[in-house]
Amino acid sequence: MKFNYDVVVIGGGHAGCEAACASANMGAKTCLVTMDMNKIAQMSCNPAVGGIAKGQIVREIDALGGQMGLVTDATSIQFRMLNIGKGPAVWSPRAQCDRGKFIWEWRRHLDTTPNLDIWQDQANELLVENGEAIGIRTIWGAEIYAKCVVLTAGTFLNGLMHIGRKMVAGGRIAEPAVPHLTESITRHGVTTARMKTGTPVRIDKRSVHFEDLEVQPGESRPYQFSYLNRGGALKQLPCWTVNTNAEVHEILRNGLADSPLYNGQIQSIGPRYCPSIETKLVTFPDRDKHPLFLEPEGEDTNEMYLNGFSSSLPMDVQIAALKKIPALRDLKVYRPGYAIEYDFFDPTQLNHSLESKIISNLFMAGQVNGTTGYEEAGGQGTMAGINAALKAGAAGGDGSRSTATDSTAFVLHRDEAYIGVLIDDLVTKGVDEPYRMFTSRAEYRILLRQDDADARLTEKAYELGLATRERYDWWLEKKQHIEEIETFCQNFAIKPRLINSALEALGTTPLQFGCKLVDLVNRPQLNLQNLSEVIPQLKDVLHRPTNRQEEIAEAAEIRMKYKGYIDRERIVADKMHRLENIKIKGHFKYDELQGLSTECRQKLEKIQPETLAQASRIPGVSPSDINVLLVLLGR
């Protein structure tokens with residue numbers, strides 16, 4: 001059997017689903033190849049979406065016309081806004097989801113996406129001719145030809161699972177590994193290495209003594225990820241917290257001899273910022289306890305996830321240790337935690353479009369690029385799907401905003417999106433451990449807030465034909481309302497005698513002279529909500545007949561309170577754009593430039609940066625090296 005498409009996507013995880021939807025919604029005839037249609041977008045580890053910086057990525061995916069935010073909102077059972085006690089640059093939304101319903105909600109989105117077919121099979125070989133990917137061959141002999149191939153195989157490439165000294169080939173528990181696909185790619189010169197990740201024990205909640213746990217409720221305010229949603233659909237549930245103790249640690253330490261991480265069985269590197277419980281014990285030997293979070297897997301299941309207890313120790317050691325926690329003294333588990341090793345490809349061999357520099361028309365996204373996390377995968381998948389559709393010559397979603405003749409890649413810069421930071425870090429710096437996004441990785445955090453993702457990206461997505469007219473109109477409505485609030489606050493005059501008693505009651509200094517409302521908004525004790533209670537005209541402006549009024553007011557308030565910081569960071573970002581505009585690829589034979597350091601020559605020769613700004617971010621390239629390149633460019 002032979003099939004022909006514009007784009008074929010390998011893998012039905014978070015990267016693959018976003019890539020397939022993006023490609024198909026832009027008009028490309030797309031095929032998503034997945035091993036199991038009933039496990040589409042499976043949440044292999046934590047049944048949660050978002051978190052520090054990850055929540056910003058989900059908002060960006062949504063603003064680009066992606067699906068992760070919509071699916072999360074429809075299946076959320078608890079929502080929290082993290083870092084709310086800090087500045088808005090690092091506020092990060094996070095939602096606990098119903099794992100089973102998440103899969104079927106994603107399946108519904110895929111089934112109703114035009115131009116998208118699903119083929120249940122396992123990719124076995126990448127088909128390449130004259131250095132170009134032309135399709136794939138499956139284990140059942142189907143040949144799917146396409147103008148572009150998007151690889152999003154996750155942990156399945158030569159996956160090997162570990163529980164104690166026991167090893168089983170697999171890409172995920174109870175699912176087979178993909179044994180030959182890596183070799184069909186590396187034979188063309190693409191380099192590969194191994195990484196490791198892990199997941200915790202799954203617990204039967206009927207065996208838990210909840211009276212010994214501390215409850216962790218969600219937000220009372222109805223936060224959501226997607227700007228299109230109107231309200232949550234599922235019952236909101238609490239999570240719980242508990243700590244390990246000395247007895248737990250003693251049992252775990254006694255089992256370290258059989259830990260794959262410490263007996264030489266696993267050689268690859270695991271995620272630094274999501275370590276196993278045994279790694280925590282070795283790294284922090286003086287700690288007498290570590291926090292754990294017990295989280296529901298769904299609204300109508302007994303299965304619970306023990307966040308913070310990722311482990312590959314023997315199953316008897318895991319269970320015996322956990323029973324020393326009073327709340328888990330009668331513990332029953334569905335399965336123990338395990339580790340998994342898998343292949344990934346060096347992301348410095350990719351362009352910023354996520355197309356391979358070595359095999360044309362091959363795009364890669366997700367854990368195959370050395371990242372970890374659903375959100376990082378979804379962001380890459382969105383970008384890979386967009387660029388694959390562009391290269392395949394697809395028209396815009398409704399045909400009216402066609403980009404079919406434009407072969408220029410769609411790239412987000414570091415001041416435009418966390419997705420841009422993520423991809424630039426991968427292709428410029430590479431990875432030596434699973435890459436996880438943090439707000440600290442972005443130098444323009446105040447420009448990349450979770451509240452303004454649509455302001456940054458929705459118009460770009462609409463021009464691509466990816467964002468729908470409904471999504472675009474909603475953004476225009478929100479934009480207009482924000483501007484109305486700002487204009488009102490800048491022009492509305494405040495008289496001291498009418499406001500001073502209220503200001504004192506709100507814990508702030510009374511006025512000596514009149515001022516504009518925006519001056520009061522900028523005070524740390526005041527906000528639009530409490531000011532609207534004493535200024536009726538402001539309440540009228542805030543409560544226009546639009547959707548998501550609280551969200552709009554919050555966005556307007558942040559823009560006013562932090563205007564000075566936002567403007568200053570924009571000036572810095574614009575200066576860096578000058579270096580972004582200086583193209584250097586193809587201008588130099590770096591190994592012949594004696595004015596550069598040896599390390600610099602080696603790094604530049606390997607990565608072949610597109611611009612001077614990208615070159616400046618490569619580890620080992622110093623400011624003096626950049627100055628040498630500027631001189632040689634005649635600057």
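Put simply, the side chain of T155 gets close to the backbone of G171: a donor and an acceptor are under 3.5 Å apart. Panel note: side chain Q96, backbone A48; no donor-acceptor pair is recorded below 3.5 Å. Side chain of S92 to backbone of A53: a donor-acceptor contact under 3.5 angstrom is found. For H14 (side chain) and Q42 (main-chain N/O), a donor-acceptor pair under 3.5 Å exists by modelled atom type.
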When you look at N46 and Y374, which way does the side-chain hydrogen bond (donor to acceptor under 3.5 Å, both in side chains) test go after all the steps? CA-CA 9 Å; N46 193 355; Y374 314 139; over 6 Å; no
Audit row: T138, N124, side-chain contact (heavy atoms from CB on, under 4.5 Å) steps and yes/no: CA-CA 5 Å; T138 73; N124 191 55; 5.6 Å; no
Are I386 and L390 close enough, and set up right, to give a side-chain contact (heavy atoms from CB on, under 4.5 Å), and what steps lead you there? CA-CA 6 Å; I386 290 171; L390 288 174; 4.1 Å; yes
Stepwise side-chain contact (heavy atoms from CB on, under 4.5 Å) check, S276 with F309: CA-CA 6 Å; S276 65; F309 202 85; over 6 Å; no
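With sequence neighbours excluded, the residues satisfying side chain to side chain donor-acceptor pair (under 3.5 Å) with R108 are E105. For E416, the side chain to side chain donor-acceptor pair (under 3.5 Å) partners at least two apart in sequence or on another chain are K460.
Between R456 and E60 there is a salt bridge, since a side-chain N of the basic residue sits under 4.0 Å from a carboxylate O of the acidic one. Ion pairing between R471 and D454 fails under the 4.0 Å rule for side-chain N and carboxylate O. Salt bridge status for K101 with D300: present, with a side-chain N to carboxylate O gap under 4.0 Å. By the 4.0 Å N-to-carboxylate-O rule, D6 lies too far from K29 to be salt-bridged with it. Under a 4.0 Å N-O distance rule, the pair E610/K357 does not qualify as a salt bridge. Look at D424 and K429 and you find no salt bridge, because none of the NZ, NE, NH1 or NH2 atoms lies under 4.0 Å from a carboxylate O. A salt bridge between R137 and D121 is absent, with no side-chain N of the basic residue lying under 4.0 Å from a carboxylate O of the acidic one.
Just one residue in the list K54, R436, R441 forms a salt bridge (Lys or Arg N to Asp or Glu O under 4.0 Å) with E376, and that residue is K54. The residue from K205, R202, R94 that alone fulfils the salt bridge (Lys or Arg N to Asp or Glu O under 4.0 Å) condition with E295 is R94.
For the 3.5 Å distance criterion, the side chains of D425 and Y435 qualify, holding a donor opposite an acceptor. Side chain to side chain, T34 and Q120 fail the donor-acceptor criterion of an N or O pair below 3.5 Å. With no hydrogens or angles considered, a side-chain donor-acceptor pair links Q380 and T371 at under 3.5 Å. For the residue pair N158 and E183, a side-chain donor N or O sits within less than 3.5 Å of a side-chain acceptor on the partner. Y472 and E470 form no side-chain donor-acceptor contact under 3.5 Å, judged by distance and modelled atom types alone. T348 and D346 share a side-chain donor-acceptor pair at under 3.5 Å. Side chains of K147 and N361: a donor-acceptor N/O pair is absent below 3.5 angstrom, by distance only.
Proximity of the aromatic rings of W475 and Y462 is defined here by a centroid distance below 6.0 angstrom, and this criterion is not met.
For K606, the NZ atom is loosely surrounded, since the number of other residues' heavy atoms within 6.0 Å does not exceed 12. For CZ of R272, the number of neighbouring non-hydrogen atoms (other residues, nucleotides, ligands) closer than 6.0 Å is 12 at most.
Taking the side chain as every heavy atom from C-beta outward, E125 and H180 never approach each other to under 4.5 Å.
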